[in-house]
Number of protein chains: 2
Amino acid sequence: MKRKVTLKQIAKELDVSISTVSKSLKDSPEISEDTRLKVQAFAKLYNYKPNNIALSLKNKKTKTIGIIIPEIVHHFFATVISGVENVANEHGYNVIVCLSDESFDKEVINMEMLANGSIDGFIMSLSKETQQKKDFHHITEVINQGMPVVMFDRVTNDILCDKVIIDDNLSAIQAVQTLIDKGFKKIALITTVDYVSVGKLRTEGYLKALKSNDIKIDENLILKIEDIEHCDEAIENLINTQKIDAIFAVNELFAVTAIKSALKIGLRIPEDIAVIGFTDGIISKYSSPSITTVSQNGIKMGGKAAKMLIDRLESEEEDDEHYRTEVIETHLVERESTPTL
Amino acid sequence: MKRKVTLKQIAKELDVSISTVSKSLKDSPEISEDTRLKVQAFAKLYNYKPNNIALSLKNKKTKTIGIIIPEIVHHFFATVISGVENVANEHGYNVIVCLSDESFDKEVINMEMLANGSIDGFIMSLSKETQQKKDFHHITEVINQGMPVVMFDRVTNDILCDKVIIDDNLSAIQAVQTLIDKGFKKIALITTVDYVSVGKLRTEGYLKALKSNDIKIDENLILKIEDIEHCDEAIENLINTQKIDAIFAVNELFAVTAIKSALKIGLRIPEDIAVIGFTDGIISKYSSPSITTVSQNGIKMGGKAAKMLIDRLESEEEDDEHYRTEVIETHLVERESTPTL
DNA sequence: AACTCACCCGAAAACGTTTTCGTGTTGAAA
DNA sequence: TTTCAACACGAAAACGTTTTCGGGTGAGTT
């Protein structure tokens with residue numbers, strides 16, 4: 001077992017100074033060709049690679065990005081990480097992933113853990129609990145220390161920083177409008193509780209779309225799910241008790257659950273009930289019937305977030321107080337759960 | 001914007017030495033209560049937190065684990081990361097994630113990038129290309145440098161290190177046996193090309209199960225998918241041309257694709273064709289009909305791998321040459337794609 | 001012979017910690 | 001008064017780099 005070799009060891013072995021070794025390896029013209037080649041040969045032989053930690057300490061840069069997300073076993077977040085990782089790698093950055101598990105405390109702990117020098121900047125999406133508490137002190141603190149933060153998807157207006165989002169409101173309007181255009185009138189909404197920012201925006205979109213088409217809003221057709229684990233009962237109840245011909249669900253899980261419930265009681269899709277979901281994940285694609293969804297390009301979102309963060313990290317001028325919010329376009333992926341005209 | 005405060009700054013401000021500050025914060029009895037309290041109060045006021053990078057350099061420990069996996073937009077791998085992250089966090093470790101994208105080169109680059117001091121140890125699953133090339137020099141090199149590696153799922157016998165796997169062979173046998181027990185005779189296999197270690201083992205299990213039940217093996221019923229992107233055509237072809245009554249698929253994707261193909265040509269599931277998949281993911285659960293699968297507990301696998309790695313990192317004795325291979329048990333989750341007896 | 005100037009290299013500081021060891025001061029015991 | 005231990009603190013090394021600056025050597029110029 002040969003441990004990693006350091007500059008010091010090479011210097012000692014070749015009987016030169018550490019500085020000479022360092023300069024030789026960097027092809028400095030200060031060093032004679034003789035010495036330079038000798039050192040380089042030796043370094044190659046012993047497979048010398050500079051120690052990243054030492055470099056980080058010296059440069060005050062870790063070339064590492066921290067990602068904090070609510071969960072990873074979730075298609076959308078996984079795609080975002082993938083997008084981040086890709087762009088980060090291209091620019092020589094690594095990615096540290098921390099999961100908040102939708103918990104405020106874990107989010108805070110993770111941020112503090114990473115903020116002490118481990119990373120150069122954050123990319124994050126808020127946990128549900130944080131959104132509910134509206135307590136963002138951990139984030140402002142980090143920003144105040146001069147560490148850039150890019151928020152995506154679940155963001156908040158209470159924090160000034162770069163953001164990457166989709167137009168949840170507009171996307172929802174378009175989805176519901178599509179249903180209306182296809183002739184549906186009794187359109188139900190399956191959504192989350194209001195403190196989830198994206199859920200709220202999508203709900204508003206649903207309402208706007210109905211209003212602008214002069215369709216009366218029926219509160220009985222709006223289902224706000226509190227307990228995701230047991231959403232199936234609530235959804236079944238909705239379908240059984242209300243006369244509806246279409247469903248707009250704010251995420252994949254609600255959409256697929258609605259479909260399973262409908263199939264269970266013998267309804268045909270899309271003939272009896274049409275369904276549009278949100279977030280184009282693996283479920284929508286492989287469900288039978290496959291589900292029409294508003295596609296949210298996670299890869300693109302993650303890539304964009306990473307680009308924004310790296311740009312900020314590598315720009316000389318501290319371009320403070322000049323934050324951007326990028327809106328990633330969505331599009332409706334039409335599949336089997338909605339009828340073709 | 002107040003930058004992070006260091007020991008040096010505190011020392012200067014309070015007109016004591018750096019050592020005094022450091023010791024005070026560690027409650028060293030060497031320091032008088034007066035000074036101690038004064039320093040602690042000041043540190044708290046300025047929210048002092050030791051710099052992780054400096055600590056890493058000093059301690060030669062980063063408290064960070066590197067994970068290298070083929071892809072993250074994949075339910076199984078996401079669950080493994082989740083498991084790793086969980087256990088890692090409990091022990092004060094962070095997790096750096098790198099994706100090989102099934103590419104040998106990216107795997108090598110990522111490993112080298114992380115091996116230079118950024119992490120304390122690796123948890124990894126081989127990329128397809130690496131398994132095909134059988135070139136593991138990057139891994140042996142890392143191990144030779146004294147950095148522990150834990151491999152999971154896609155492992156190789158050519159490397160001596162800790163491993164976490166499931167018994168792919170046995171699990172496949174059990175799955176196929178279940179089909180046989182339920183009365184199916186013409187059981188097709190949809191699998192990967194042989195160089196994917198787990199695919200090969202599952203294929204062998206299928207063959208063994210048939211043999212031990214004296215069922216003749218029909219090569220026409222065995223489909224080895226090369227191009228995953230276009231597996232649907234091959235699978236449709238299989239179902240259309242062969243007379244089969246059940247399918248054993250070595251992953252979720254193949255299973256759900258088989259189901260969609262079967263439904264498309266009007267076959268009923270499980271009445272006309274029963275299906276068992278492998279890897280209990282979100283697709284199997286939410287597919288209609290839902291899919292019976294061999295459940296591979298990714299969380300448990302990741303957790304176990306993290307535990308093994310951390311144990312090795314924190315054990316004093318370099319317990320070299322004494323590697324363990326943990327086998328995580330699987331179980332069959334019976335759903336709608338197989339008939340109840 | 002004195003001076004200049006490349007050329008080549010080493011010493012040392014710096015990044016932020018921890019820890020060992022040394023040292024000055026104080027009080028009490030001899 | 002001397003001696004010695006306990007006490008309180010500081011200096012410095014160490015981790016592995018990079019980089020600035022200064023200095024020694026030799027050759028070439030006046």
Side-chain angles (χ1 to χ4, degrees), chain A residues 3-40 42-43 46-64 113-120 145-147, chain B residues 3-40 42-43 46-64 113-120 145-147:
Chain A
R3 294 248 165 219
K4 290 219 69 89
V5 63
T6 69
L7 286 187
K8 192 192 277 194
Q9 290 165 29
I10 299 183
K12 192 173 173 189
E13 209 70 32
L14 295 180
D15 206 38
V16 292
S17 78
I18 297 183
S19 1
T20 304
V21 178
S22 176
K23 289 176 202 164
S24 298
L25 294 177
K26 297 196 117 45
D27 273 328
S28 158
E30 248 183 287
I31 306 296
S32 70
E33 198 177 342
D34 257 24
T35 329
R36 197 151 37 83
L37 294 181
K38 190 177 62 180
V39 171
Q40 289 178 355
F42 193 89
Y46 281 87
N47 192 27
Y48 170 80
K49 295 273 167 52
N51 180 302
N52 279 332
I53 297 292
L55 286 180
S56 296
L57 183 58
K58 180 118 203 26
N59 302 333
K60 294 176 150 256
K61 280 188 189 166
T62 60
K63 285 285 203 169
T64 304
M113 195 159 172
L114 293 186
N116 300 317
S118 304
I119 62 167
D120 295 340
Q145 281 170 11
M147 181 169 288
Chain B
R3 295 248 165 219
K4 289 220 70 90
V5 63
T6 68
L7 287 187
K8 193 192 278 193
Q9 290 165 31
I10 299 183
K12 193 173 172 188
E13 209 70 32
L14 295 180
D15 206 39
V16 293
S17 77
I18 298 183
S19 357
T20 304
V21 178
S22 176
K23 288 176 202 164
S24 297
L25 295 177
K26 298 197 118 43
D27 274 327
S28 157
E30 245 183 290
I31 306 296
S32 71
E33 198 177 344
D34 257 23
T35 328
R36 197 148 39 82
L37 294 180
K38 189 177 61 179
V39 171
Q40 290 178 355
F42 193 90
Y46 281 87
N47 193 25
Y48 169 80
K49 295 274 168 51
N51 180 301
N52 278 333
I53 298 292
L55 285 180
S56 296
L57 184 59
K58 180 117 202 31
N59 302 333
K60 294 173 151 258
K61 279 189 190 167
T62 61
K63 286 282 201 172
T64 303
M113 195 158 173
L114 293 186
N116 299 317
S118 304
I119 62 167
D120 294 341
Q145 281 171 12
M147 181 170 288

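In the text below, chain A, chain B and the rest are named by the order of the sequence lines, each starting its count at 1. If you're wondering where the values come from, they're calculated on a predicted model, not measured in any experiment.
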Rounded interatomic separation in angstrom, taking [atom1] from [X] and [atom2] from [N]:
{"X": "Asn116(A)", "N": "dC15(C)", "atom1": "CG", "atom2": "P", "answer": "18 Å"}
{"X": "Glu33(B)", "N": "dC7(D)", "atom1": "CD", "atom2": "C1'", "answer": "14 Å"}
{"X": "Leu25(B)", "N": "dT19(C)", "atom1": "CG", "atom2": "C1'", "answer": "15 Å"}
{"X": "Leu7(B)", "N": "dT18(C)", "atom1": "CG", "atom2": "C1'", "answer": "9 Å"}
{"X": "Lys26(B)", "N": "dT17(C)", "atom1": "NZ", "atom2": "P", "answer": "10 Å"}
{"X": "Ile53(B)", "N": "dT18(C)", "atom1": "CD1", "atom2": "P", "answer": "14 Å"}
{"X": "Asn59(B)", "N": "dG16(C)", "atom1": "CG", "atom2": "P", "answer": "16 Å"}
{"X": "Lys8(A)", "N": "dT17(D)", "atom1": "NZ", "atom2": "P", "answer": "10 Å"}

Taking only side-chain N and O atoms of [X], does any of them lie within less than 4.0 angstrom of OP1 or OP2 on [N]?
{"X": "Ser32(A)", "N": "dC9(C)", "value": "yes"}
{"X": "Lys60(A)", "N": "dG16(C)", "value": "yes"}
{"X": "Ser19(A)", "N": "dC9(C)", "value": "no"}
{"X": "Ser17(A)", "N": "dC9(C)", "value": "no"}

TODO: Mind listing the closest non-hydrogen atom pair of Thr64(B) and Ser118(B) along with its distance?
DONE: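 Answer, listing the atom of Thr64(B) first, then Ser118(B): CB-O, 3.9 Å.
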
Task: Reported CG-to-OG1 distance for the pair Asp120(B) and Thr62(B), which is rounded to 0.5 angstrom - done: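 One gets 3.5 Å once the value is rounded to the nearest 0.5 Å.
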
Open item on the list: Measuring from atom CD of Glu33(B) to atom NZ of Lys38(B), what distance do you get when rounded to the nearest 0.5 angstrom?
Closed with: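 Spacing of CD (Glu33(B)) from NZ (Lys38(B)) equals 13.0 Å.
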
Which of these nucleotides, [options], is closest to any side-chain atom of [X]?
{"X": "Glu30(A)", "options": "dC15(C), dT20(D), dA8(D)", "answer": "dT20(D)"}
{"X": "Asn51(B)", "options": "dT18(D), dT17(C), dC8(C)", "answer": "dT17(C)"}
{"X": "Ala54(B)", "options": "dT17(C), dG16(D), dT18(C)", "answer": "dT17(C)"}
{"X": "Pro50(A)", "options": "dG10(D), dA14(D), dT17(D)", "answer": "dT17(D)"}
{"X": "Leu55(A)", "options": "dT18(C), dT18(D), dG22(D)", "answer": "dT18(D)"}
{"X": "Thr35(B)", "options": "dT17(C), dA8(D), dG16(D)", "answer": "dA8(D)"}
{"X": "Ile18(A)", "options": "dT18(D), dT18(C), dG16(C)", "answer": "dT18(D)"}

TODO: Given side-chain contact (heavy atoms from CB on, under 4.5 Å), test Val5(A) with Asn47(A) step by step and report yes or no.
DONE: CA-CA 8 Å; Val5(A) 63; Asn47(A) 192 27; over 6 Å; no

Task: Residues Asp27(B), Gln40(B); criterion side-chain contact (heavy atoms from CB on, under 4.5 Å); working and verdict - done: CA-CA 9 Å; Asp27(B) 274 327; Gln40(B) 290 178 355; 2.8 Å; yes

Open item on the list: So does Lys61(B) get a backbone contact from the side chain of Asn59(B), meaning a donor-acceptor N/O pair under 3.5 Å?
Closed with: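 No, because the side chain of Asn59(B) does not come within donor-acceptor range (under 3.5 Å) of the backbone of Lys61(B).
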
Open item on the list: Tell me if a side-chain donor or acceptor on Asn52(B) pairs with a main-chain N or O of Leu114(A) at a distance below 3.5 Å.
Closed with: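 It does not hold such a pair.
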
- [ ] Describe, as an angle rounded to 10 degrees, how the axis at the first end of the helix from dA1(C)-dT30(D) to dA30(C)-dT1(D) is tilted relative to the axis at the last end, five pairs per end.
- [x]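 It comes to 90° between the two terminal axes.
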
Any base atoms under 4.0 Å from [X], or only sugar-phosphate, or nothing? Heavy atoms, all strands.
{"X": "Thr6(A)", "answer": "sugar-phosphate"}
{"X": "Lys23(A)", "answer": "base"}
{"X": "Lys58(A)", "answer": "base"}

Open item on the list: One pair to check against side-chain contact (heavy atoms from CB on, under 4.5 Å): Leu25(B) and Tyr48(B). What are the steps and the verdict?
Closed with: CA-CA 10 Å; Leu25(B) 295 177; Tyr48(B) 169 80; 3.7 Å; yes

